[in-house]
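See structure below.
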2 protein chains.
Amino acid sequence: MPLGQGYPAQDCAIARALEVVGDRWTLLVLRDCFFGVHRFADLVARLDVPRAVLSDRLDRLVAAGLLVPDGRSYRVSEAAWPLWPALRSLAAFGEAAQTEAGGSVRRFAHVACGTDTTADGHCPTCGTVPPPPDLVVRAVGGPGRREDPVSVALRSPHRLLTPLP
Amino acid sequence: MPLGQGYPAQDCAIARALEVVGDRWTLLVLRDCFFGVHRFADLVARLDVPRAVLSDRLDRLVAAGLLVPDGRSYRVSEAAWPLWPALRSLAAFGEAAQTEAGGSVRRFAHVACGTDTTADGHCPTCGTVPPPPDLVVRAVGGPGRREDPVSVALRSPHRLLTPLP
DNA sequence: CACGGAGGTTCGGTCATTGAACTAGGATCG
DNA sequence: CGATCCTAGTTCAATGACCGAACCTCCGTG
């Protein structure tokens, strides 16, 4: 999203959120981190993002406390969990265009129950809203457009927040 | 969000969503439209957005089918309703910073039950997730930072998607 | 016609983004 | 030990989005 330097005059929680995650690429970086991508080179390979921009976004996410640097890798902190519903909602909104274009779509299953969560994040079996670590993501539908090794690895089912090899 | 022209290489519903609503100001425009702001001049007054940028964003939102032009006003189409949970999730994430800064916070009550919905959008009384038109928004907490007439009018309780006078 | 308001468009200047090239530090190989 | 490779950045010129202010156009009123 955005540019400039935030929305200082806005008296709104959404504006405050967008000052942290509203920049171009930031939400996609966070998405990949939730999916288990945690190395700089893997993020570059998956996102085709300029290295300087990725470096800036990682710094900002660390400064905001959403990512925690751990040597040469970045991990999602618990402070970022409240953003997971926003990512899931955006994905639900974007799925219409995605399926039209022949791309693949992701589903999120509750580990404890084995059932897919609904578009609003609830597990239909137990009725709860599982936190990100209790979800297993898998790709369904189209063949997927990206063939880089990281994207291929992400297509097989795996638990959120678990670092990929 | 973004800049450039989208995320064409991404095979992801979130990227598709961000190509529509990821630009700077776009989500804030949509937020105000959900709140009932529907005139160009009112959006300029509330957002302090450059008129050229607002014009561009409204055009894009109309092209995407999320807003419908109606003479000199813009109304939220039903196609935009799936974005409401994303806005609500972002607001929930941003509330921590907002309350620290002394700003006000918004609550969304289910009209049929009279109770506030939870952070994940559920009505605790009836258990459903009310669609946007069934919600009444009101400001609680701080005094609010903006004193322009539109922002003042928005602070009193009113139904979502209902055009302000 | 003069006037004012609403809804834009135009314009120069600034600043984020882009892509390519370069650097620094650590591990590995011979 | 030195050479090589990998990872994780940084630097830099060019592009293009954003900003603010001024201008333009249409419409309704007096």
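Below, read A as the first sequence line, B as the second, and so on, with proteins coming before strands; counting in each chain starts at 1.
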ask   = Hey, can you pull the residues of residues 60-69 of chain B with a non-hydrogen atom under 4.0 angstrom from DNA chain D?
value =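 Residues of residues 60-69 of chain B that come under 4.0 Å of DNA chain D do not exist, since none gets that close.
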ask   = Excluding sequence neighbours, so at least two apart, what forms side chain to side chain contact (heavy atoms under 4.5 Å, CB included) with A:D116?
value =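 With sequence neighbours excluded, A:D116 shows a side chain to side chain contact (heavy atoms under 4.5 Å, CB included) to A:R107, A:A109, A:R138, given in chain and number order.
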ask   = With B:A17, which residues qualify under side chain to side chain contact (heavy atoms under 4.5 Å, CB included), at least two apart?
value =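 Per chain and number, B:A17 pairs via side chain to side chain contact (heavy atoms under 4.5 Å, CB included) with A:L90, A:F93.
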By salt bridge (Lys or Arg N to Asp or Glu O under 4.0 Å) - contacts of [X] (at least two apart):
X      : value
A:D32  : A:R46
B:D148 : B:R146
B:R88  : none
B:R39  : B:D42

When the distance from [atom1] of [X] to [atom2] of [N] is rounded to whole Å, what number comes out?
X     : N      : atom1 : atom2 : result
B:W25 : D:dA17 : CH2   : C1'   : 14 Å
A:D23 : D:dA17 : CG    : C1'   : 13 Å
A:D48 : C:dG19 : CG    : C1'   : 12 Å
B:R24 : C:dC15 : CZ    : C1'   : 11 Å
A:L47 : C:dG19 : CG    : C1'   : 16 Å
B:D70 : C:dA6  : CG    : P     : 17 Å

query = Hey, are the side chains of B:Q10 and A:L28 touching, using non-hydrogen atoms and a 4.5 Å cut-off?
reply =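 A side-chain contact exists here, since the closest heavy-atom pair is under 4.5 Å.
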remark   = Quick tally for nucleotides 4-12 of chain D: nucleotides whose base has a protein heavy atom under 4.0 Å get B, sugar-phosphate-only ones S, the rest -, giving ----BBBB-
inquiry  = List the residues meeting ring pair (Phe, Tyr, Trp, His ring centres under 6.0 Å) with B:F40, not counting sequence neighbours, and say none if there are none.
reply    =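 In terms of ring pair (Phe, Tyr, Trp, His ring centres under 6.0 Å), with neighbours along the sequence ignored, B:F40 is linked to no residue.
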query = With sequence neighbours excluded, what pairs up with B:F34 under the ring pair (Phe, Tyr, Trp, His ring centres under 6.0 Å) test?
reply =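 Partners of B:F34 under the ring pair (Phe, Tyr, Trp, His ring centres under 6.0 Å) test: B:W84.
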ask   = Hey, is the main chain of A:P85 close enough, under 3.5 Å, to the side chain of A:S89 for a donor-acceptor pair?
value =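 It does hold such a pair.
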ask   = With a 4.0 Å cut-off on heavy atoms, is B:V53 in touch with a base, just the backbone sugar-phosphate, or nothing at all?
value =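 Result for B:V53 = sugar-phosphate.
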inquiry  = Can you give me the bend angle of the helix from C:dC1-D:dG30 to C:dG30-D:dC1? Use the axis through the first five pairs and the one through the last five, nearest 10 degrees.
reply    =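 Its terminal axes enclose an angle near 10°.
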request  = Quick one: which residue pairs count as a ring-ring contact (aromatic ring centres under 6.0 Å, His included) with a foot in residues 109-128 of chain B, not counting sequence neighbours?
outcome  =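 For residues 109-128 of chain B, and leaving out neighbouring residues, the ring-ring contact (aromatic ring centres under 6.0 Å, His included) pairs sorted by first residue read A:H122-B:H122.
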